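Working notes, structure below.
Worth saying up front: this structure is predicted, and the values here are computed from it rather than measured. Order of the sequence lines sets the chain letters (A, B, ...), proteins ahead of strands, with each chain counted from 1.
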Amino acid sequence: MNYWLMKSEPSSFSIDDLQQVDFEPWDGVRNYQARNFMRDDMKVGDKAFFYHSNAKKIGIAGVMSIVKAGYPDPTQFNPECGYYYDPKSSEENPRWYLVDVCFEQAFHDILPLSEIKKLPELDDCPLTQKGNRLSVMPLQEKHWHAIITLAQQKQLI
DNA sequence: GCCAACGTTGGC
DNA sequence: GCCAACGTTGGC
């Protein structure tokens, strides 16, 4: 099983929104590196942190699981999807992929990025490195467990 | 709202 | 293939 971190701006989609649906197609990712992870590496049963970016409280909001592996993002084919529509993509040769995710648990409060940065185990994690803009990133098992342990210490789980 | 870091685009 | 210009991300 693999571990991941996936970012979303809570003003457009938050962990509370995820909790209210059976599953969610993680659409709209338009970055090749993130695309490759979703298309090639994410498997059913993998776990991912739900990260709130560009928000009042920045950090990890909870845990979700991957319930469907990579498949073409349908919004890229639909001109009505506006910003997500990609005229250079086609159903025969899709450019963008997504996975379906499912709610697992919400932390009682956001685990702040500032706290996560203090973990020595996270020094080699893309999340805490400067200029990182990856919205979907793999985590090492030690990253995952260090974050879970911190959440437990802070009684967020 | 600012701005540093980064990715993409397009002319050459 | 280079690289300047531009757009986006995302923390602060």
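Within the 4.5 Å cutoff, no side-chain heavy atoms of A:T128 are placed close to those of A:D123.
Checking A:N132 against A:K88, the closest nucleotide of DNA chain B that is more toward the 5' end is the one next to A:N132.
Contacts between residues 107-122 of chain A and DNA chain C, defined by a heavy-atom separation under 4.0 Å, are made by A:L113, A:K117. Within residues 30-39 of chain A, no residue is approached by DNA chain C to less than 4.0 Å at the level of any non-hydrogen atom.
Here A:K130 does not reach the OP1 or OP2 of B:dA4: none of its side-chain N or O atoms lies under 4.0 Å away. Contact annotation: A:Y51 side-chain N/O to C:dT9 OP1/OP2 distance is not under 4.0 Å.
Counting non-hydrogen atoms of neighbouring residues, nucleotides and ligands closer than 6.0 angstrom, the CZ atom of A:F23 reaches no more than 12 such neighbours.
Put simply, CD on A:E9 is 11 Å from C1' on C:dT8, counting in whole angstrom units. The distance from atom NZ of A:K56 to atom P of C:dC12 is 17 Å, rounded to the nearest whole Å. When rounded to the nearest whole Å, the span between CG of A:L127 and P of C:dT9 equals 17 Å. Rounded to an integer number of Å, the gap from NE2 of A:H52 to P of C:dT9 is 17 Å. Summarising the geometry, the separation between CG on A:L134 and P on B:dG7 is reported as 8 Å, rounded to the nearest angstrom. At whole-Å resolution of the value, CE in A:M137 and C1' in C:dT9 are 12 Å apart.
Scored by the salt bridge (charged side-chain N to carboxylate O under 4.0 Å, His left out) test, A:D86 finds A:R95 as partners (sequence neighbours excluded).
Here A:R39 does not pair with A:D73 in a salt bridge; the nearest charged N to carboxylate O distance is not below 4.0 Å. A salt bridge links A:D109 with A:K57; the closest basic N to acidic carboxylate O contact falls under 4.0 Å.
Between the side chains of A:S135 and A:R30, not a single donor N or O lies within less than 3.5 Å of an accepting N or O. With hydrogens and angles left out, the side-chain atoms of A:E9 and A:S53 include no donor and acceptor closer than 3.5 Å.
By the criterion of side-chain heavy atoms lying less than 4.5 angstrom apart, applied directly or through intervening Ile, Leu, Val, Met, Phe, Trp or Tyr residues, A:M137 is grouped together with A:L119 in one hydrophobic cluster.
Cation-pi geometry between A:K68 and A:Y71 is met: the NZ or CZ atom falls under 6.0 Å from the ring centre, inside 45° of the normal.
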